[in-house]
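A, B, ... follow the sequence lines: proteins, then strands. Residue 1 opens every chain. These numbers come from a predicted model, not from an experiment.
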Amino acid sequence: MEKANSLAQDAQLQMLRYQLNPHFLFNSMNSIRALIDEDETKAREMITELSEFLRYSLDSKDYSNVPLKNEIEAIQHYFAIQKKRYEDKLEVTYDINPQAGDYPVLSFLIHPLVENAVKYGMRTSPMPLTIHLKAKTSEGVLTIEVCNTGKWVESAQQEKQMYASTGTGLDNVRRRLENAFPYRHRFEVFEKEGKVHVQLEIRGYAGEEHEKAV
Amino acid sequence: MKKPFKALIIDDERLARKDMISLLSVHENITVCGEADDVPSAVKAIEKLNPDVIFLDIQMPGDSTDVDAHIIFVTAYDEYAIRAFEVNALDYLLKPVNPDRLAKALEKLEFQEQDLPERIRKLNYDDRLFLMVGRHFKFLKVDTILGVSAAGDYSEVLTSDGNKGLTHKSMKEWEARLPAQYFIRVHRSSGSTAQPSSTWNS
């Protein structure tokens, strides 16, 4: 029981880490400071986007049952901020099927995937780093794909050494999927022709199960 | 009259470089001589411009110049996380950089420049050095260094993970900084090669 509690606490801390990544926050502030002199409009936009993103992060308390469209919206704010930071070094494209928007997912489930795409992509991709986010539903199956140019960085080992990070981004995603959608999901990462693909599939859903899923 | 310094700014984000340039602009003795946004252009700029001080974002893609310049890390990461793996930096600044904190770092630069021997301290086995080996920036853990051999004014480093390459450090500098019992000098006359001594496990 105690162990379960501590696991739940760990998961919650992990969530917080994703929601309020200080590294992302401070880098965004840094860009805004530089933009104030150069392009006030952009600086204002960036503050709006950052606020929206932070509000979403702080508000998503019930994180077991969130319509995908809310998640996507938060991701769009996130990318809008990153795009202003990295300028022509980052290209982001979307292919979101509107029907997929109501599919219930775990909050901040996809976020670590897009964060990784930026983090590792910036290190391994020729510039510009190109990220493509795809979501569709077909016969009760939700498919999400995050694809970025660059190489798959095997294990979080390097990350741990370089940045003293906990490096458990994907592990955390896997754990949450297993808890919430046991035997009903597929999670795959592969590299093909200079691109990293992270694919996530969730098959059918029953409301009740979502209630208990964390 | 403060001593003039040439500064190079290495960061992959243009806006971050811009912010740093603007912060430095109030310090009259600092001239920003160049900018670089990736490792190859950083290496080129260092070789061409020979800066006195480098402001470096640690995030810069993976691989490093054992330059004669002072290195000031500028990053949004927690200071202690960085300290843990890097010892030969002059200072660490956190983004967004606080102008007062930058002024302190620059004071340090001035002070260190006057008193060079102060900054040379002995390394421990678990220290990491930020070096340019060959044409790459690398973080080398001291205990992975298998050997150092003289190559003119420079030296060649060989590490246990197979890295090998020229660094700008002279044998004398290596001797001054590596743990005392780590290296012995052999062939003192012919090209002086340093190798781990037999006491290396003790």
Task: Ion pair A/E38/B/R14, N-O distance below 4.0 Å - done: yes
Open item on the list: Check this for me: does any side-chain nitrogen of one of A/K89 and B/D37 sit under 4.0 Å from a carboxylate oxygen of the other?
Closed with: yes
Measure the [atom1]-[atom2] distance between [X] and [Y] for me, rounded to the nearest 0.5 Å.
X: A/L35; Y: B/L15; atom1: CG; atom2: CG; answer: 4.5 Å
X: B/M20; Y: A/N30; atom1: CE; atom2: CG; answer: 8.0 Å
X: A/R85; Y: B/D12; atom1: CZ; atom2: CG; answer: 8.0 Å
X: B/D11; Y: A/N27; atom1: CG; atom2: CG; answer: 8.0 Å
X: A/S28; Y: B/K95; atom1: OG; atom2: NZ; answer: 11.0 Å

Task: For B/A76 against A/F26, the heavy-atom pair lying closest together - done: CB-CB, 3.9 Å
Task: Atom of A/A34, atom of B/K18 and distance for their closest heavy-atom approach - done: O-NZ, 3.8 Å
- [ ] Check each atom of B/L23 against the heavy atoms of chain A and say whether the ones under 4.5 Å are side chain, backbone, both or neither.
- [x] side chain
Open item on the list: Donor-acceptor check, side chain of A/R33 to backbone of B/A16, threshold 3.5 angstrom: yes or no?
Closed with: no
Task: Over 12 foreign heavy atoms within 6.0 Å of CD, A/E188 - done: yes
